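Scroll down for the structure; my scribbles are underneath it.
Residue numbers count from 1 along this sequence. Below, each value reflects all heavy atoms present in this structure, side chains not excepted, and no hydrogens, waters or symmetry copies. Everything numeric in this text was worked out from a predicted model, so none of it was measured.
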Amino acid sequence: MEKGAEIYKNLIDELVKMSRSCADARAVKKGRIPGIDAEKMGINEVLNRLNENERDILSKFIVEAYHAGIYDTLEQLECLRSCKNMVITVEGETLPLGKYEGIPNDYIGRRSDWEWEE
């Protein structure tokens, strides 16, 4: 396999891995988000009023919002690739962004356990 395709596949797979969890969602499950901003916002006061099941539901919602943010970013990159001829180069290798199903579709497919074609 060419190095650019390998880097691209690893990039998409890492984004999929990231999309399944995030620090804020884990903190919500525990009932406390660290940091001054969380305190200023009052989110920990809200979390204190929620039971474990409610925090779990909120945590899942946060993970889905995180996933949607990744997807939206990939949609924008796909638009730049297809409309503006954007290329991404890593370690001197041009990533084959259009080789498979397109950046956002590759992400969604891999998130749904789709196998990479060789």
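- A chain of hydrophobic side-chain contacts below 4.5 Å, direct or via other Ile, Leu, Val, Met, Phe, Trp or Tyr residues, connects Val28 to Leu50.
- Donor-acceptor pairing under 3.5 Å is lacking for the side chains of Tyr66 and Asp24.
- Annotation for Tyr8 and Leu95: closest pair N-CD2, 4.0 Å, computed over non-hydrogen atoms.
- The pair Asp13-Lys17 does not meet the salt-bridge criterion, since no charged nitrogen lies less than 4.0 angstrom from a carboxylate oxygen.
- Hydrophobic clustering places Val16 together with Leu97 (ILVMFWY residues linked when any side-chain heavy atoms are closer than 4.5 Å, directly or through intermediates).
- Contact between Pro34 and Ala27 at its shortest, heavy atoms only, is CD-CB, 4.2 Å.
- For Ile103 against Leu74, the heavy-atom pair with the smallest separation is CG2-CD2, 3.5 Å.
- Between Arg81 and Glu78, at least one side-chain nitrogen of the basic residue sits less than 4.0 Å from a carboxylate oxygen of the acidic one, meeting the salt-bridge criterion.
- In the hydrophobic clustering of ILVMFWY residues, with side-chain heavy atoms under 4.5 Å counting as a link, Ile57 and Ile43 come out apart.
- Rounding to the nearest 0.5 Å places NZ of Lys30 at 11.0 Å from OG of Ser59.
- Side-chain contact between Tyr107 and Glu75: absent, with no pair of heavy atoms (C-beta onward) separated by less than 4.5 Å.
- Considering every non-hydrogen atom in both Arg110 and Arg20, the closest pair reads O-NH2, 4.0 Å.
- Glu54 and Arg49 make their closest contact through OE1-O, 4.2 Å (heavy atoms, listed as atom of the first residue, atom of the second, distance).
- By the rule that hydrophobic residues join a cluster once side-chain heavy atoms approach within less than 4.5 Å of another member, Leu11 and Met86 end up as members of one cluster.
- The aromatic rings of Tyr100 and Trp114 lie perpendicular to each other, with more than 60° between the two planes, well past the 30° mark.
- Linking Ile, Leu, Val, Met, Phe, Trp and Tyr residues whenever their side-chain heavy atoms come within less than 4.5 Å leaves Val63 and Ile70 in two separate clusters.
- Note: Asp56 CG to Lys60 NZ = 4.5 Å, rounded to the nearest 0.5 Å.
- With rounding to the nearest 0.5 angstrom, the CG atom of Asn10 is 11.0 Å from the CG atom of Leu15.
- In this structure, Glu2 and Pro96 approach most closely via the heavy-atom pair OE2-CG, 4.3 Å.
- In this structure Glu64 satisfies the salt bridge (Lys or Arg N to Asp or Glu O under 4.0 Å) test together with Arg111, sequence neighbours excluded.
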Show your working on side chain to side chain contact (heavy atoms under 4.5 Å, CB included) between Leu47 and Leu58 and close with a plain yes or no.
-> CA-CA 9 Å; Leu47 293 177; Leu58 181 57; 3.8 Å; yes
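- Panel note: side chain Thr73, backbone Gly69; a donor-acceptor pair is recorded below 3.5 Å.
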